[in-house]
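Report on one structure; see the data block that follows.
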Amino acid sequence: MTSALISLTDLGFAWPGQPELLDIPSFTLQRGETLFLKGPSGSGKTTLLGLLGGVQKPDRGLIKLLDQDLSALSSGARDRFRVNHTGYIFQQFNLLPFLSVRENVELPCHFSDIRNNRARHRHGSVAKAAAGLLAHLGLTDPRLLERRADSLSIGQQQRVAAARALIGQPELVIADEPTSALDADAREAFLQLLFAECREAGASLLFVSHDQSLAPLFDRNLSLADLNHASRPQEI
């Protein structure tokens with residue numbers, strides 16, 4: 001095995017009938033690394049995340065996660081591989097409003113035996129894993145666990161979404177603009193908690209944002225425009 005958690009080679013992708021959106025000759029994310037990836041709206045950030053998660057397949061090139069070529073997997077196998085090895089924090093959090101906080105956090109363990117077993121091994125049970133993660137992220141009131149997700153504040157929803165992404169120690173945590181609704185102090189505090197949880201789990205963090213002020217907090221920061229040759233003006 002290599003030390004790279006993710007490696008892309010000659011990646012190309014275009015939506016049907018559109019010019020090529022992504023043309024990335026190479027990209028790697030190391031195991032345990034925290035990486036800040038910036039880019040404006042419409043630059044292809046979310047599409048790249050979908051490719052890394054196996055939601056879409058590239059038109060050309062190679063995407064390897066944990067040395068597995070994602071394109072070699074069937075659609076169903078890619079879905080299983082994603083839930084086993086990737087935790088995702090969405091910009092809008094995407095909590096299920098009719099489920100409790102605890103049920104939202106435990107959700108990945110219902111779809112992944114690997115994450116279920118890791119949570120049980122580390123914490124004794126999935127319920128204890130959920131409660132422990134929420135406590136580490138600042139949600140210590142046990143009564144909160146049984147409240148519906150749609151009754152929470154934005155800051156609480158953010159922490160629940162992070163706990164859901166982290167439960168069962170996935171090797172990769174992807175965060176897609178998850179701090180856009182928070183003020184500067186809350187953003188930095190949340191990031192420090194997220195870094196601590198990723199370190200404890202041994203996870204790599206790929207954090208996508210247009211907020212350049214957060215970049216110095218990460219091991220490395222990149223602009224998608226520097227990676228993506230499709231975003232550069234064509235020479236005449």
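In what follows, residues are counted from 1 in the order of the sequence shown. Computed from heavy atoms alone, side chains included, the values below leave out hydrogens, waters and symmetry copies.
- Listed by chain and residue number, Phe36, Gln212, Ala215 satisfy the side-chain contact (heavy atoms from CB on, under 4.5 Å) test with Asn221 (two or more places apart in sequence, or in another chain).
- Counting heavy-atom neighbours within 6.0 Å of His210 NE2, excluding the residue itself, gives a total of 12 or less.
- In this structure, Arg148 CZ and Leu96 CG are separated by 10.5 Å, a value rounded to the nearest 0.5 Å.
- A 4.5 Å side-chain heavy-atom check between Gln30 and Thr28 finds at least one atom pair inside the cut-off.
- Exactly one residue among Asp23, Asp10, Thr9 makes a side-chain hydrogen bond (donor to acceptor under 3.5 Å, both in side chains) with Arg60. That residue is Asp23.
- The distance from the CG atom of Asn116 to the CZ atom of Arg120 is 4.5 Å, given to the nearest 0.5 Å.
- No path of Ile, Leu, Val, Met, Phe, Trp and Tyr side chains, each step under 4.5 Å between heavy atoms, connects Leu62 with Phe13, placing them in separate hydrophobic clusters.
- A distance-only check finds no donor-acceptor pair linking the side chain of Gln68 to the backbone of Leu65 [under 3.5 Å].
- Using a 4.5 Å heavy-atom cutoff, the side chains of Tyr88 and Val55 are not in contact.
- Here the side chains of Ile63 and Pro58 are in contact, with some heavy-atom distance below 4.5 Å.
- Going from atom CD1 of Ile114 over to atom CD of Gln169 covers 12.0 Å, rounded to the nearest 0.5 Å.
- Side chains of Asp211 and Ser209: no donor on one and acceptor on the other come within 3.5 Å.
- Looking at Glu177 and Arg187, no side-chain N of the basic residue comes within less than 4.0 Å of a carboxylate O on the acidic one, giving no salt bridge.
- With hydrophobic clusters built from ILVMFWY side chains whose heavy atoms lie under 4.5 angstrom apart, Phe218 does not share a cluster with Leu193.
- Considering only residues two or more places apart in sequence or on other chains, His85 meets the ring-ring contact (aromatic ring centres under 6.0 Å, His included) condition with Phe81.
- Remark: the backbone N or O of Val83 is not paired with any side-chain donor or acceptor of Thr86 at under 3.5 angstrom.
- Thr46 and Asp176 are linked by a side-chain donor-acceptor pair at a separation below 3.5 angstrom, with hydrogens and angles left out of the test.
- At least one donor-acceptor pair under 3.5 Å links the side chain of Arg164 to the backbone N or O of Phe93.
- Going from atom CD of Gln156 over to atom CG of Leu137 covers 12.5 Å, rounded to the nearest 0.5 Å.
- In this structure, the side chain of Asn228 does not engage the main chain of Leu224 through any donor-acceptor pair within 3.5 Å.
- The side-chain contact (heavy atoms from CB on, under 4.5 Å) test with Leu21 singles out one residue from Leu48, Asp59, Thr47, and that residue is Thr47.
- Ion pairing between Asp113 and Arg80 fails under the 4.0 Å rule for side-chain N and carboxylate O.
- A donor-acceptor pair is defined here as one N or O able to donate and one able to accept, closer than 3.5 Å; no such pair exists between the side chain of Arg159 and the backbone of Ala163.
- Side-chain contact check for Ser204 versus Val173: every heavy-atom pair is 4.5 Å or farther apart.
- Within the 4.5 Å cutoff, the side chain of Leu5 has heavy atoms near those of the Leu172 side chain.
- Between the CD1 atom of Ile167 and the CD atom of Glu197 there is a distance of 11.0 Å, given to the nearest 0.5 Å.
- With Arg115 contributing its side chain and Gly168 its backbone, the two residues share no donor-acceptor pair below 3.5 Å.
- In this structure, CG on Leu107 lies 11.5 Å from OG on Ser112, to the nearest 0.5 angstrom.
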